[in-house]
Amino acid sequence: MITARNDMKILAQLALLLLTACGNGNGASAQSQSTSPPPTAPQVINGIAVPPEPDPVANTATLLGVDSNNNGVRDDVERQIATKYGANATQYAAAIQVAKSDQTYLVANGDPTKSTAATSNAVISGACISESFNTEWLAGSKAIDYLSPLTFNTPERMAAYRATSAASTEVATKIPAHPCQ
Amino acid sequence: MSKVFRKAILLVVAVMTAINPMLHAFAATACTNGSQYFYINGVSPWADLHRGEAARTIQSLLLARGIITTEVVTPLRNPSDGLFIDVFVELANQKLAEKSAVTFAESVQKSTMMFTGNPAYAMSASDQTLLDAKIADFFNRSKNLPNTTAVTAGMIDSVSAALNAGDKAIVIAHSQGNMFANAILNSVIANQSPNIAAGLKIVSVATPASTAQDSRYKTANQDRVINIMATTEAAAMGAPLPLGSNIDVPGALNYDTNGHGLLEVYLNPSLTAVDLVLTMVGNAATAAANPRCPQIAAICPDTFTQTQLGQVRAGMTVSQVDGIFGCAGRNSGFSNWYMWYNDVSLMSMTLNTASVFFTNGVYLAGSPKSISGTVIP
């Protein structure tokens with residue numbers, strides 16, 4: 001017979017199990033990435049011109065970090081995207097679009113109007129991922145789970161993500177026929 | 001016939017002739033005879049990105065199978081932020097709210113007690129500390145749980161807008177998204193006419209809910225989130241249990257160790273569930289009825305006079321008219337015009353020209369004191 005006490009125990013264990021399983025959104029794991037040594041810094045990765053690896057201290061000193069070419073993607077994120085997806089132009093472009101969407105969460109940082117726009121843009125970027133990875137089943141989902149922790153890689157940035165998510169009043173975003181920019 | 005009466009008739013005919021095109025334009029706008037598809041996500045990290053991805057993937061699959069042609073799948077925002085523990089509480093409250101006698105506030109209190117009732121967890125100290133911190137965190141957040149209500153209201157508005165535009169609304173929900181989908185269904189049934197509600201069909205995938213519209217759901221035997229977690233949670237709270245699993249998906253755990261993911265398990269082209277899920281969507285679209293339009297066509301009589309009266313639904317108070325519609329292909333005379341009242345019923349009408357005024361097919365002012373007629377079921 002299952003007792004109430006056993007139920008509590010099971011629930012607690014399940015909660016911990018799934019906390020671990022759903023740890024993609026945890027800033028801690030992403031934080032560890034930012035402390036890894038910066039790669040030697042080629043200025044061209046997979047044939048794509050990229051900004052130099054930013055100074056880690058400067059890059060984490062502010063919420064938005066370093067975006068030396070002002071393209072809406074943090075320099076360290078842009079380099080990692082070029083490394084992972086640069087060989088495929090379509091997937092690279094989709095990944096950059098996701099990174100730009102993620103960065104808008106930091107820019108919004110809980111501002112209601114900007115937050116609503118940010119989550120709406122994210123929906124469209126997610127649809128772009130589906131379009132761009134459609135022949136590689138599940139690779140798109142994995143790309144999202146890889147990309148977003150790159151941007152939200154500190155507790156402050158994760159807090160900004162949550163603030164923007166909470167402040168958004170978006171309900172239903174119509175996805176355009178061609179979601180990739 | 002007196003001169004005054006004849007002038008009145010001529011005036012009315014002139015007015016109706018002038019507004020005929022506008023009325024038809026309005027009717028055409030209102031009766032699109034189309035379908036709108038919605039997707040409600042469950043728990044997910046990076047939920048906004050993933051729901052966009054999932055909605056577009058569903059759309060692509062439906063297109064490939066010929067279930068849709070030009071329609072799009074619009075994702076409705078369930079702002080799960082990927083921390084399972086948050087949604088665990090939200091789901092707990094939603095499950096408790098399935099018990100009609102339990103108010104939302106009571107459910108919050110009960111689930112709070114469940115987690116803070118000093119159970120003797122056999123955990124390590126560090127695990128206990130972690131769990132305590134998480135519990136404290138999410139119960140602080142639970143103070144804002146009425147957000148669930150606001151989110152649900154937004155979804156209801158979106159789906160109702162589709163229905164009120166004359167479109168079918170097919171809502172595909174995954175996991176916790178089903179709790180919202182059922183709330184939408186309950187709201188539409190409670191607040192809209194049967195004609196409108198007949199346009200809404202819910203397609204439930206991996207549902208933790210205890211009910212599914214027309215038993216239209218698929219949950220895999222391999223789905224540990226529903227079959228173990230949600231079931232245990234519901235049992236511990238005394239809430240209605242989730243519907244039992246009803247499909248076997250061999251190999252599901254090779255793609256998702258929880259056997260639960262929408263894309264990983266239920267829409268995975270390498271597994272068997274995708275055919276069943278998409279067929280379910282197609283069947284739902286077939287079963288749904290376009291609000292208004294078919295009923296309008298059905299009740300247009302060959303002959304109809306101003307004196308043809310029927311029964312107004314008992315208890316109905318006609319205080320405001322929402323719009324006026326014409327029967328397709330007919331544009332002469334009063335007898336072809338029908339009115340909506342507050343999206344509740346379609347009524348034929350008897351005109352009292354002294355009290356009914358229209359511009360662009362929209363009722364403007366005046367008490368429609370002579371509106372009467374038959375409520376079309």
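Convention: sequence-line order gives letters A, B, ...; per-chain numbering from 1.
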Check: What's the shortest heavy-atom distance between B:Q176 and B:N78, and which atoms?
Finding: OE1-ND2, 2.8 Å
Checklist line | Structural part of B:L61 lying under 4.5 Å from a heavy atom of chain A | finding: side chain
Next item on the list: Quick one: do A:R74 and A:E53 satisfy salt bridge (Lys or Arg N to Asp or Glu O under 4.0 Å)? Show the steps, please.
Entry: CA-CA 10 Å; A:R74 229 172 47 223; A:E53 184 71 33; over 6 Å; no
Next item on the list: Go through the atoms of B:D157 and report whether side chain, backbone, both or neither lie under 4.5 Å from a heavy atom of chain A.
Entry: neither
Checklist line | Which portion of A:I175 sits near chain B, non-hydrogen atoms under 4.5 angstrom | finding: both
Margin query: By the definition side chain to side chain contact (heavy atoms under 4.5 Å, CB included), identify the one residue from B:V249, B:N258, B:D223, B:N254 that meets it with B:V265.
Written below: B:V249
Checklist line | Which portion of B:Y255 sits near chain A, non-hydrogen atoms under 4.5 angstrom | finding: side chain
Margin query: Counting only non-hydrogen atoms closer than 4.5 Å, does B:T57 touch chain A with its backbone (N, CA, C, O), its side chain (CB onward), both, or neither?
Written below: both
Checklist line | Stepwise side chain to side chain donor-acceptor pair (under 3.5 Å) test for B:D48 and A:Y105 | finding: CA-CA 11 Å; B:D48 298 316; A:Y105 279 68; 2.5 Å; yes
Margin query: So, taking the atom named OG in A:S148 and the one named CG in A:N153, what distance separates them when rounded to the nearest 0.5 Å?
Written below: 11.5 Å
Next item on the list: Mind ranking B:S60, B:G154, B:A55 by heavy-atom pairs under 4.5 Å with chain A and telling me who comes out on top?
Entry: B:G154
Margin query: Among A:I129, A:T173, A:L147, which residue has the highest count of heavy-atom pairs closer than 4.5 Å to chain B?
Written below: A:T173
Notebook entry, point to check: Does the pair A:S168 and A:S115 meet the rule for a side chain to side chain donor-acceptor pair (under 3.5 Å), with working shown?
Noted result: CA-CA 5 Å; A:S168 172; A:S115 296; over 6 Å; no
Notebook entry, point to check: Non-hydrogen atoms of chain B under 4.5 Å away: do they reach the side chain of A:N121, the backbone, both or neither?
Noted result: neither
Notebook entry, point to check: In terms of the angle between their ring planes, are A:F152 and B:W46 parallel, tilted or perpendicular, with boundaries placed at 30° and 60°?
Noted result: parallel
Margin query: Only pairs of heavy atoms separated by less than 4.5 Å count here; which of A:G140, A:S141, A:A118, A:S120 has the most with chain B?
Written below: A:S141
Item checked: Most contacts with chain A, counted as non-hydrogen pairs under 4.5 angstrom, among B:E264, B:E53, B:Q59, B:M155 -> B:E53
